[in-house]
Amino acid sequence: MRSRIQDILKELNEEQRPAVETTEGPILVLAGAGSGKTRVLTYRMAYILRKKKIAPWEILVMTFTNKAAGEMKERIQSLVGNDNPLWVGTFHSTFAKILRREIGVLGYSSDFVIYDTNDQERMLKFIMGEMNISPKEYSPKSIRSVISITKNRLISPENYASTAKSPFEKVVTRIFPVYENRLRFYNALDFDDLITVPIKLFTMYPDILLKYQSRFKYILVDEYQDTNRAQYLLLYHLSKEHRNICVVGDDDQSIYRWRGADIRNILEFENDFPDSQVFRLEQNYRSTQTILKAANSVIEKNVGRKGKSLWSARELGEKIDLLEVVDEREEAQKVVEKIKVEVFKGKRTFREFAVLYRTNAQSRSLEDGLRKSGMSYVIVGGVRFYERKEIKDVLAYLKLIANPKDSISLKRIVNFPLRGIGDGTLRKIDAWAESIGMHMFETMGRIDEIPDITSRIKTSVRDFYGLIQKYIDLKDQISPNELAHTIVDETGLLTMYKGDTSPEGQGRAENIREFLAAVSEYAVSTDSPSLSGFLEEVSLITDIDTWNDKSNAITLMTLHCAKGLEFPVVFITGLEDGLFPVLRSLDEPEALEEERRLFYVGLTRAKEKIYLSCAERRRLFYDSNFRLPSRFLDEIDSTVLRRTKASSRNAAISMHADVQNRKKEAYDSHPDYEDFSQEKIQYRPGVCVNHEKYGKGRIVRVEGEGQKKKVIVRFEDGAEKKFLLQYARFAQL
DNA sequence: GGCAATAGGCTTTTT
DNA sequence: GCCTATTGCC
């Protein structure tokens, strides 16, 4: 099916058309939620292909998820009927693809593996072990995160070193360069490298940059508000020759600041690309007027935004219902109840409902409720499939075969299943390898040269080496599919779990089977399947990518995950201060604005109806905490919000009085017998206090009630301490 | 070197 | 309160 240019333009409104027709020069499209952003992107691409008569591979399209990329490809192909490969993908997958072709000049080989967070942390632990840095004193997790942020800011280990002051930063300074060198030695890239290494490549080899610069005549970027500075730089480089860059985004939906996304990219696009044109899409086709009114009233509270106001020609629609419940169990019950009524009336089907929450941990109680009710549901996210232990084990075998330099994967599986190659032996091999500058796997092939290893262990090592080497020789002759099946078989990974009759064991066996099915699937759906190709796909895939929105089930996911999606009915659960917005954002205005944008994203997912819920009490960590309703609830235009009390609570108390009471309970903690100096202090997060012994600090958390009430205070030296309020001596600052 | 028991940490969100 | 990683004992 091929559409003509006129047909393409006919399907667009007055706002959308110029954003599609203006093909040349830098363009910023500020697209509000539900304003047909995806439509503009796909039609724009189809329009350029038709009108400019250029090849599909001369357009580069960046999306936020692989799923979005897949859908866009499909739509474009149905519009223009072209089977040529389109360059549509996420930043990470696109540049992984480019690196596979070009990375040779930087001294890596093209079968590099991609390390995920877990691999990074394991590597950091090994490095710290060698340097005698205790992982207890300095957590590998926080070191990883600092390194990641630093890399994304394009700061080199040397430059980092010059700014390091605190003991923690000094430690990072020592580890960082070793980490970088070792990644390279292992022929591995971490997630951040997929963005920063191309920048290095383009800077060091202008001829390679030129090749891609002239090739990509048009560049389209979706979700521009969530790009970081490094990604911006890549776009800047690539668009330099033709200058036809079109970015689409919505500053109000920027929710990845914590991951390094820089909202300045969108706010300052017009400065970054002079002579750019800006188009605004403010008509919303998705939601009822009521929903938009709520969303607008919330987002207006933010200061740092370009400012726009969505409008809708749709009907007024139903009011938003606020479900006030006692705890998370009742919350789940209420959700179940509401869905049940509508489905049994024949009004809706399961797939029309989404239940959203701030943190993955909240899915558990909802899942319990849904399971009991027998309604079908899917949870998107949480522990990712490819991050499960049993899957990572199989993957480690495949990674080692694809890239024998990958000593991190080697260490993971060398003794799993047990082969009698323990820590002691490994350390000897590692030391030997290091002394002759070889990789661990290579060294294992020369195990006879290494002293102080018993012949029994040497035999084990030789067997292991032979096993892996056999597959290394085979990997280019047999399909990745065949390879994965045989290796699982030969190592007995599956048999091991099959023998385990516990539910976990069975689950693991099931997951491995599912994994093997996924490899088969890859082998048939890809033109030239390769082991590295498969591993790359797996490393970059996310749960939302594999989510099947066609199955008839209620969808449960985090608010972040829901970005870009829409549902007729949306539940946003856990609207309690400290949960949503999360505690850590409460005393940081910018973080709070991001939470608010996240709420805005949640609200604008709904087409027809929204339910919000807040619980009086929620078991979140190990404690049952009393919480106040989210401050965001007060920000919703009161004319569109309807409060309905759950049956179990006393409806006679007026809503307002009740909230006031709870505020009293939660905030003015102390009984009368306390020291008078305590009376003045408001014990709540963010308040600064002075402790007679520990000095100045800030309250980060309050838990428990009455006499058991405790405050957690972070002091100036970074230490956190917990105090039973009735004994603690504080003065307010 | 292997296994069971225990300690610790975690819960904000993910390419 | 649960899951994992590490510890200590065999």
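Below, chain A is the first sequence line, B the second, and so on; all start at residue 1.
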Peer 1: Looking across every strand, which nucleic acid part, if any, lies under 4.0 Å from A:Tyr256 by heavy atom: base, sugar-phosphate, or nothing?
Peer 2: sugar-phosphate
Peer 1: Parallel, tilted or perpendicular, judged at 30° and 60°: which one describes the rings of A:Trp547 and A:Phe567?
Peer 2: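 Rings of A:Trp547 and A:Phe567: tilted, 30 to 60°.
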Peer 1: Does A:Ser585 reach a base, just sugar-phosphate, or nothing at all? Heavy atoms under 4.0 Å.
Peer 2: nothing
Peer 1: Base, sugar-phosphate or nothing for A:Ile457? Non-hydrogen atoms, less than 4.0 Å.
Peer 2: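 The residue A:Ile457 makes sugar-phosphate contact but no base contact.
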Peer 1: Would you mind classifying the nucleic acid contact of A:Asp192 as base, sugar-phosphate or nothing, using non-hydrogen atoms under 4.0 angstrom?
Peer 2: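 If one applies the 4.0 Å heavy-atom cut-off, A:Asp192 turns out to touch nothing in the nucleic acid.
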Peer 1: Evaluate the ring planes of A:Tyr256 and A:Trp258, with Trp represented by its six-membered ring, and classify them as parallel (under 30°), tilted (30 to 60°) or perpendicular (over 60°).
Peer 2: tilted
Peer 1: Across the strands shown, which category fits A:Asn360 at heavy-atom distances under 4.0 angstrom: base, sugar-phosphate, nothing?
Peer 2: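 Sugar-phosphate, backbone atoms only, no base.
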Peer 1: Any donor-acceptor pair under 3.5 Å between the side chain of A:Trp258 and the base of B:dT13?
Peer 2: yes
Peer 1: Over 60° means perpendicular and under 30° means parallel, so tell me whether A:Tyr497 and A:Phe416 are parallel, tilted or perpendicular.
Peer 2: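 Geometry flag for A:Phe416 against A:Tyr497: tilted rings.
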Peer 1: Using a 4.0 Å heavy-atom cut-off, does A:Leu418 contact any base of the nucleic acid, only the sugar-phosphate backbone, or nothing at all?
Peer 2: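 Sugar-phosphate contact only.
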Peer 1: Base, backbone or nothing for each nucleotide of nucleotides 4-10 of chain C, written B, S, -, heavy atoms under 4.0 angstrom, 5' to 3'?
Peer 2: -SSS---
Peer 1: Describe the nucleic acid contact of A:Arg364 in one word from base, sugar-phosphate, nothing, applying a heavy-atom distance below 4.0 Å.
Peer 2: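 Result for A:Arg364 = sugar-phosphate.
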Peer 1: Which class fits the ring pair A:Phe202 and A:Tyr212: parallel under 30°, tilted 30 to 60°, perpendicular over 60°?
Peer 2: tilted
Peer 1: Start at the 5' end of DNA chain B and walk down; is the nucleotide closest to A:Ile255 or to A:Ser139 reached first?
Peer 2: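 So the residue in question is A:Ser139.
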Peer 1: Look at the aromatic rings of A:Phe632 and A:Phe599 and report parallel, tilted or perpendicular, splitting at 30° and 60°.
Peer 2: parallel
